[in-house]
Each structure stands twice: as C-alpha cells, then as structure tokens.
There are 2 protein chains.
Amino acid sequence: MHDPEATLRQHDLPVTAQRIAVLRAVSSHPHATADDLTESVRGELGTISRQSVYNVLNVLTDKGIIRRIQPADSPARYEDRIGDNHHHLVCRSCGKTEDVCCAVGEAPCLKAHSHHGFKIDEAEVIYWGTCPACQKKR
Amino acid sequence: MHDPEATLRQHDLPVTAQRIAVLRAVSSHPHATADDLTESVRGELGTISRQSVYNVLNVLTDKGIIRRIQPADSPARYEDRIGDNHHHLVCRSCGKTEDVCCAVGEAPCLKAHSHHGFKIDEAEVIYWGTCPACQKKR
DNA sequence: ACCGAGTTTTGGACTTTGTCAAAAAGAATG
DNA sequence: CATTCTTTTTGACAAAGTCCAAAACTCGGT
C-alpha cells in the first residue's frame, strides 16, 4: 500500500486523516486487531475514537481494500494483502498469525463442488498449531 | 451418541442430569449454538442455568467428546461428529451449517508443511456461500 | 443406606468485542 | 467560500462468554 490517499480516491472515499492513518497502520501491522490498530493510529494522530477505527475498518473491508480475518477465540484481524488467495497459520496459544500460500498446488481448495445446493464463493483455510516461541515456553 | 451416560463414565466425568441432557441435545441438533442448546435442554429438564450449559460444553469439548466450531460472525456451534476430519459449509446470510467431506481426496489439506516453524495440528476449512433457501429469497 | 470429600451447578456481576444513534466537525463540489 | 453530504465523536447499548462464591449434587467407602 504505497499511497493510502490515492487508494481512497480510487474508491470514491472522502480522504480523511483517520482513514489514511488506519490504512497505513493496517499496512504496516499485518494481522493486527482493531485494538492494536487504534494504539498504532493514536501514536500517529494523537487521538482517534474507537468508533472511527471500526467505521474505517468496515468501510475499507466493504470496498475490498483490506481483508478481515476472524479466527476462533480472537478478535478480528485485518490485512492489506488481498486477492492472492493465501491462507493463515494461527498459534493456538498466543494468536500469532502468519500467511501461507495455498499448500496444495493451484488453489484446489477452491474447487469444492457445490454441496447441499449451496452456492460457494470462498474457501477459508486456517492452519492451527503452535508458534516457535510458544513451543519453547512449555 | 447412543449412550450419553456411558460416554461420560468412559471419560471419568461424574454423571449429572445436565450433562446427559446437553450431550443429547448436541447429538440431536448438530451445529446448534449454546443458546439453541439451552432452549433444547430446558425443554427436557425444565431448567438449567446458562452457566451450566457453558460449563458442560467446555468440559465435553476439552475431553474431545464434542467439537466446537466458531465461524466468523456467529456464536460458537457444537457437534457430535468428531475424528473424521470433515469440514463445514456455512451460509453467509442465515448461518446454516452443513458438513462436507474433505473435498480434495484423502485429506491433503492436512499436509501443510510446517511453515514459519509452527507445529501444525489441524487444518480447518470453511466453505462460505449461500444456502438454497437464501438464494431464493433474493 | 448414609457420610464426607470433592465436583458441579447456580446466580449474579463483569469483560470483551462490536454496533447504534444523534450531534458536531470535516471534505468536496460549484 | 458556502452548502451539502459524509465522517467523526461520544456515550449508551448488545451479544457471547467468563469469573467467583455459595448451594447442591455425585461418588466411593463404610
């Protein structure tokens, strides 16, 4: 995400300091939670309301500018990297999240046949495990 | 789940009316939420506290007797069917959840190489889409 | 069948994550 | 610049779950 301002204009979104800051924060802290991002934005802007962070994140998510991921037992996390069908690796004990490319060749995970009459539009894969740091701790 | 009582004893869990009822409810209402299950158990026992339902569900989940699934934007759901590595198909608009067998042959989804030093123990797949009923509605 | 020790269940307060709504402030167009 | 429409802010609220202490129950031994 090189130019947050341009990105906003491309999507017909009024440019505000809050949006620019949130966008930058998401970009530089992949997989951060709304809370993490609020912290980060406050460091840059001084203040921002909790609600605004949510507003911005929701708008950006709706426009497809960022992606929201919601692993079990964790608040939602946000990321910049979109449209490349990658998946996630989450640590059960600390929540650390990493990106992984689709492990099984050319996105076969998307080829699920339409089961039960559902119209499938996405296959979400989460690999659960323990991160190196947490492996040491125990 | 034919004999909830026997199942409890097998796992060294004291047998209580609440546990039997919750276990039966999970068995007969696959993918139900804690709230749904509370409803169902109240129909059978008359009363049960909200906390007890959570207690029981947590114990059963810890012991591996039932499985908890937590799709985004939905409260946790519980199921009986465990150990067969099946995945889920969730309707984005109504939350209806169906089981699907691993779509790509013999569980290749579990073969993710250990990335980033993580020790991976599970690959969770959720197929997102629209169920037949919700397709008609719009 | 009863007792006692140790678990469960209960009820109520509390926490976390997020949304709703109305008023104040700010961006963009002519 | 002024107007209009959107955003931001503030504060209340909602859903899902957990924490804690007291009361009730289960189970093993007698």
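Computed from a predicted structure; not experimentally measured.
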Using side chain to side chain donor-acceptor pair (under 3.5 Å), reason through B:E79 and B:H88 one step at a time and then give a plain yes or no. CA-CA 11 Å; B:E79 70 184 358; B:H88 296 99; 3.0 Å; yes
4.5 Å side-chain heavy-atom contact, [X] and [Y]:
{"X": "A:D121", "Y": "B:R92", "result": "yes"}
{"X": "A:I120", "Y": "B:T130", "result": "no"}
{"X": "A:T97", "Y": "A:L89", "result": "no"}

Expressed in angstrom and rounded to an integer, what is the separation of [X] atom [atom1] from [N] atom [atom2]?
{"X": "B:D35", "N": "D:dA14", "atom1": "CG", "atom2": "P", "answer": "16 Å"}
{"X": "B:D73", "N": "D:dA16", "atom1": "CG", "atom2": "P", "answer": "11 Å"}
{"X": "B:D36", "N": "D:dG17", "atom1": "CG", "atom2": "C1'", "answer": "16 Å"}
{"X": "A:L57", "N": "D:dT8", "atom1": "CG", "atom2": "P", "answer": "11 Å"}
{"X": "A:R19", "N": "D:dT8", "atom1": "CZ", "atom2": "C1'", "answer": "10 Å"}
{"X": "B:I48", "N": "D:dC25", "atom1": "CD1", "atom2": "C1'", "answer": "14 Å"}

Say whether B:N58 and B:T61, considering side chains only, have a donor N or O and an acceptor N or O under 3.5 Å apart.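 There is no such pair (donor and acceptor under 3.5 Å, judged by atom type) between the side chains of B:N58 and B:T61.
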Compute whether any side-chain donor of one residue and acceptor of the other, for A:H31 and A:D99, lie under 3.5 angstrom apart.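 Looking only at side-chain atoms, A:D99 and A:H31 do form a donor-acceptor pair, the distance falling under 3.5 Å.
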Check every strand shown and say whether [X] touches a base, only sugar-phosphate, or nothing at a heavy-atom separation below 4.0 Å.
{"X": "B:R50", "answer": "base"}
{"X": "A:V59", "answer": "nothing"}
{"X": "A:N55", "answer": "base"}
{"X": "A:T16", "answer": "sugar-phosphate"}
{"X": "A:N58", "answer": "sugar-phosphate"}

Of all nucleotides in DNA chain C with an atom under 4.0 Å from a non-hydrogen atom of chain A, which is the first and which the last going 5' to 3'? C:dT17 to C:dA28
Identify, with sequence neighbours excluded, every residue that meets side-chain contact (heavy atoms from CB on, under 4.5 Å) alongside B:I82.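 side-chain contact (heavy atoms from CB on, under 4.5 Å) check on B:I82 returns B:R67.
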Provide a list of protein-nucleic acid N or O atom pairs under 3.5 angstrom, restricted to nucleotides 19-22 of chain D.
unit_1, atom_1, unit_2, atom_2, d
D:dC19, N4, B:Q51, OE1, 2.2

With a 4.0 Å limit, can you tell me whether A:S49 has a side-chain N or O closer than that to the phosphate oxygens OP1/OP2 of D:dT9?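 Checking A:S49 against D:dT9: at least one side-chain N or O falls below 4.0 Å of OP1 or OP2.
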Does B:P75 or B:A17 map to a spot on DNA chain D nearer the 5' end, using the closest nucleotide for each?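 Mapping each residue to its closest nucleotide by heavy atoms, the 5'-most match is B:P75.
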Within a 6.0 Å radius of atom CD on A:E39, are there more than 12 heavy atoms belonging to other residues, nucleotides or ligands? no
If you apply the rule side chain to side chain donor-acceptor pair (under 3.5 Å), what do you find for B:D36 with B:T33, and how did you get there? CA-CA 5 Å; B:D36 297 337; B:T33 64; 3.1 Å; yes
